[in-house]
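Quick caveat, the model's predicted, so the values are computed rather than measured. When reading the values below, keep in mind they use all heavy atoms of this one structure, side chains included, and skip hydrogens, waters and symmetry mates. Lettering follows sequence order; numbering is per chain, from 1.
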2 protein chains.
Amino acid sequence: MSENVGRWLRDEIENSILSNEFSPGERLDETVLATRFGVSRTPVREALMQLDAIGLIEIRPRRGAIVIDPGPHRVYEMFEVMAELEGLAGSLAARRLDKASREAINATHARCEQSAAAGDSDAYYYDNEEFHKAIYAAGRSDFLEEQCLQLHRRLRPYRRLQLRVRNRLSTSFLEHCAIVDAIFAGDGDEARRLLRGHVGIQGERFSDLVASMAAR
Amino acid sequence: MSENVGRWLRDEIENSILSNEFSPGERLDETVLATRFGVSRTPVREALMQLDAIGLIEIRPRRGAIVIDPGPHRVYEMFEVMAELEGLAGSLAARRLDKASREAINATHARCEQSAAAGDSDAYYYDNEEFHKAIYAAGRSDFLEEQCLQLHRRLRPYRRLQLRVRNRLSTSFLEHCAIVDAIFAGDGDEARRLLRGHVGIQGERFSDLVASMAAR
DNA sequence: GTCAACAATCGTGTATACAAGAATAGCATT
DNA sequence: AATGCTATTCTTGTATACACGATTGTTGAC
């Protein structure tokens, strides 16, 4: 448990939303949550205010909080922004790469290779996350890294769904290879271009997303 | 006043921070704020939680809330991300431009021209804001628009300082012209490139920023 | 005179109480 | 039977009370 109940509840409820335990559109009753977690309504309300500020739920005055349903189109838009931010991170990483970042990227990249070779989609899911985080960090921009991490977190469930698509695993890893090459070569523009393509959802990948979202 | 005191307080305190009424590093005492606004501590706390989630203040458990001091380097990073997001908005606008957006951009652009010609830096400050907002809207991506507006809001005070720099007004307007041309010509890549340059803080503009921040 | 330990005070964190608006169900009227 | 009005209930919004940790000031020892 975190140092105060409010933050703990925020993380707890956030995870419940991201793991689809609370479905989009569902109403979050303060009293129910309070008894469920064995606390009073006060910290529950504080957690909800924060989630509202982040954009995970919507608090309609006097009418309670509901989990926001992004819908395929908005998720697409979020991936579009994510692609742009990751592209920037990649281009910065290419320019500013130092030894530690280079090793971190190499290490996570190697782990991705293993998971991809093994066809282990769950393992790849985690390793892929670490790989991308290594690139955020290599960009050496604290603000950008924070923005990337936050958006990455919100997109986590959809990312997971995407990996289930046929061949996506090996395709993804091949793209990683090219990205690593560009960054290590110091080619910021190429790294940016490749990352935009890697993260964004173009063409048939959008219908894959819609299908997987509908399947839940 | 908004529909509930918490939101009203959030906006009120947010404005006070952005207008530098509460200086960076300053401690925000819940009781003081409560008496100052004539309410109890409960809505004050809720407002503070939201501001913490947005990133304007930091709440250290059991040790109160302080206004975050971005510092020149972090402000630079924020402009860097802003430039990237605006670049995306511009490229989308170039591709998706419709009649209404075109007219909105033209109208705000014309107002910028007048303020720039008059050398009225305060008027230009407002018109410039509307111009950029018109581009966000023209991109037709709700999520991107929200992100742009949020970051734009946080950077507002620094943007204002920047306009005070010699010749910045006319330079800025000339850049606007090129941006409008690129968007109207449907050249997304060029619009992106120009907006990145227009918004980002390269070269001597960084030292201008540092100087103006120190001058406060 | 400086530093450390202890006590008092102050401020935050949580719970509970109360007020007020929104949803709902029941009754009456058409 | 359907619709509209009213009363009740339920939930949110705000205030207040209480508990606990942090900060600070004072006193004593070296």
(request) With the side chain of B:P43 defined as its heavy atoms from C-beta on, choose the nearest nucleotide among D:dA15, D:dT11, C:dA15. (result) D:dA15
(request) For A:R60 and C:dA22, give me the distance from atom CZ to atom C1', rounded to whole Å. (result) 11 Å
(request) Give the rounded distance in Å between these two atoms: CZ of B:R7 and P of D:dT12. (result) 13 Å
(request) Among the candidates D:dA15, C:dT14, D:dT14, find the nucleotide nearest to the side-chain atoms of B:R41. (result) C:dT14
(message) For C:dT14 and A:T42 - does any side-chain N or O of the residue sit under 4.0 Å from the phosphate oxygens OP1/OP2?
(response) no
(request) Give a yes/no answer on whether the side chain of B:R63 brings an N or O atom under 4.0 Å of OP1 or OP2 in D:dT24. (result) no
(request) Find the distance A:M49:CE to D:dG13:C1' and express it as a whole number of Å. (result) 10 Å
(request) Please report, rounded to the nearest Å, how far the P atom of D:dT24 is from the CZ atom of B:R27. (result) 9 Å
(message) Side-chain N or O of A:R45 versus OP1/OP2 of D:dG13: is the shortest distance under 4.0 Å?
(response) yes
(request) Output the single nucleotide from D:dT14, C:dT12, D:dT11 whose closest atom is nearest the side chain of B:D29. (result) C:dT12
(message) Measure CG/A:D52 against P/D:dT12 and give the value in whole Å, please.
(response) 14 Å
(message) Tell me whether A:D98 is salt-bridged to A:R140, with the criterion being a basic N under 4.0 Å from an acidic carboxylate O.
(response) yes
(request) Choose from D:dG13, D:dA22, C:dT14 the nucleotide whose nearest atom is closest to any side-chain atom of B:R62. (result) D:dA22
(request) May I have the distance from A:E30 (atom CD) to C:dA23 (atom C1'), rounded to whole angstrom? (result) 16 Å
(message) Within the structure provided, determine whether B:R164 and B:S121 are in side-chain contact (heavy-atom separation under 4.5 Å).
(response) yes
(request) With the side chain of A:N4 defined as its heavy atoms from C-beta on, choose the nearest nucleotide among C:dG13, D:dT14, C:dT12. (result) C:dG13
(request) Rounded off to whole Å, could you give me the CD1-to-P distance for the A:I59 and D:dG13 pair? (result) 7 Å
(request) For B:N128 and B:H176, test the side chains for any donor-to-acceptor distance below 3.5 angstrom and give the result as yes or no. (result) yes
(message) On the side chain of B:T31, is there an atom forming a donor-acceptor pair with the base of C:dT12 - under 3.5 Å, no angle test?
(response) no
(request) Would you mind reading off the distance between B:W8 atom CH2 and D:dG13 atom C1', rounded to a whole angstrom? (result) 15 Å
(message) Between the side chains of B:E86 and B:R196, is the shortest nitrogen-to-carboxylate-oxygen separation below 4.0 Å, so that they form an ion pair?
(response) no
(request) Please say whether the positively charged group of A:R74, taken as NZ for Lys or CZ for Arg, lies over the ring of B:F143, i.e. under 6.0 angstrom from the six-membered ring centre and within 45 degrees of the axis. (result) no
